[in-house]
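To start, the structure itself, in C-alpha cells.
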Amino acid sequence: MQLQVLGYYGGYPYNGVGTSSYLLTSGDYHLLLDCGSGALLALEKVLEPLQLDAVLLTHYHHDHIADLGVLQYYWQLHQGVKKEPILPIYGHLQDPLHFGSLTLPGVTQGFGYQEDTVLTVGPFKITFKRTIHPVPAFATRIEEVSTGKVLVFTADTAYFPELANFAQQADLLMTDTNFLQDKTGKMAHMTTTQSAALAEDSQVKQLLLTHLPQTATAETLLEQAQAVLPNLPIQVAKQGLTIEIA
Ligand SMILES: [Zn+2]
Ligand SMILES: [Zn+2]
C-alpha cells in the first residue's frame, strides 16, 4: 500500500500547505485519512475526488475536518463518475453533533466507531486506540489484509507509554510531532524525541513525523528525532511525499 501526504500542519494551513490529510491506496482502493484544511485542493492534484472509496477521521478538531463540508459538496454537485454512489465517512461516536454532520442524505453516509471496534474497510482491517487529547481522538492501526503490512497513525495525542503496544511492529508509524524537544508543560501533542521514543518502544520499521509546527524547519525536526534513533529510517512530512509501505 502507498501513503501520500496531502497536508501535514497542525492547527492551521501555512505557506501553501494544508493541515492533516493523507491518501492511503491499496490496489485501486483509495482511503482519505483525515480531511483537514486544503485537503480537497491537494487531493485534486493526485486523484479525481469522486474516485475515493471512503474517508476515515481520527477526531473532529478543525485541522482534521475543515474540508469535509466542501468534499461533501463536491460529491453532491460535481458531474462525474463516482466510485461509490454514497461516500462512506468513518468517525467516532463520542460527539453526536459532529458525527451527525458526516451524513449528507443521498451523498455521504457516516459510520461510527469506538475504541473496541474492528472495521473492515475495503482491503483494510482497522482498529483504534483512544488518545490523550482535549477532545476524544483515536489512533488508528490500518492493516492491509492481503499483505499484512501495517500503518499506524497516532492521530493527535500527548505521549503515553501504552501507545507503543498499539503501534507494535508497524511497517510505518506516523506520529503527531507538533513540538520540538524543548517543549515543556501540559501537552496535547508529542515532541520530536517523544515520537522517536514511541518508534523505538514499538519497534516500527520506519517513522514519519507529521502534524508539524509552522515554526520549525524539517532539518531540525529530523535531527532531533534521528539523534534518538540513528539507525531508523525517519522522514519528515512534506507535500506530495509518497511512501510505499511494502
Ligand atoms: Zn490536530
Ligand atoms: Zn486535535
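Note that ligands are numbered from 1 as they come in the structure, with each ligand's atoms numbered from 1 the same way. Only this structure's heavy atoms are used, side chains among them; waters, hydrogens and symmetry mates stay out.
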* Asked: Is it true that a side-chain atom of Asp63 and a backbone atom of Gly36 form a donor plus acceptor pair closer than 3.5 Å?
  -> no

* Any N/O/S atom, backbone or side chain, of His64 lying under 2.8 Å from the Zn ion (ligand 2)? -> no

* Test applied, side-chain contact (heavy atoms from CB on, under 4.5 Å); reference residue, Thr175; option that passes from Thr154, Val152, Val204 -> Thr154

* Asked: For the Zn ion (ligand 2), which N, O or S atom of His61 is at the shortest distance?
  -> ND1

* Is there an N/O/S atom in Asp176 at a distance below 2.8 Å from the Zn ion (ligand 1)? -> no

* Rounded to the nearest 0.5 Å, how far does NE2 of His78 lie from CD of Glu48? -> 5.0 Å

* Asked: N/O/S atom of His133 under 2.8 Å from the Zn ion (ligand 2), yes or no?
  -> yes

* Asked: Taking the six-membered ring for Trp, are the ring centroids of Tyr60 and His92 within less than 6.0 Å of each other?
  -> yes

* Asked: So which N/O/S atom does His211 have closest to the Zn ion (ligand 1)?
  -> NE2

* Using the Zn ion (ligand 1) as the apex, give the angle to atoms OD2 (Asp156) and OD2 (Asp63), rounded to 10 degrees. => 160°

* With a 3.5 Å cut-off and no angle check, do the side chains of Thr157 and Asp176 form a donor-acceptor pair? -> no

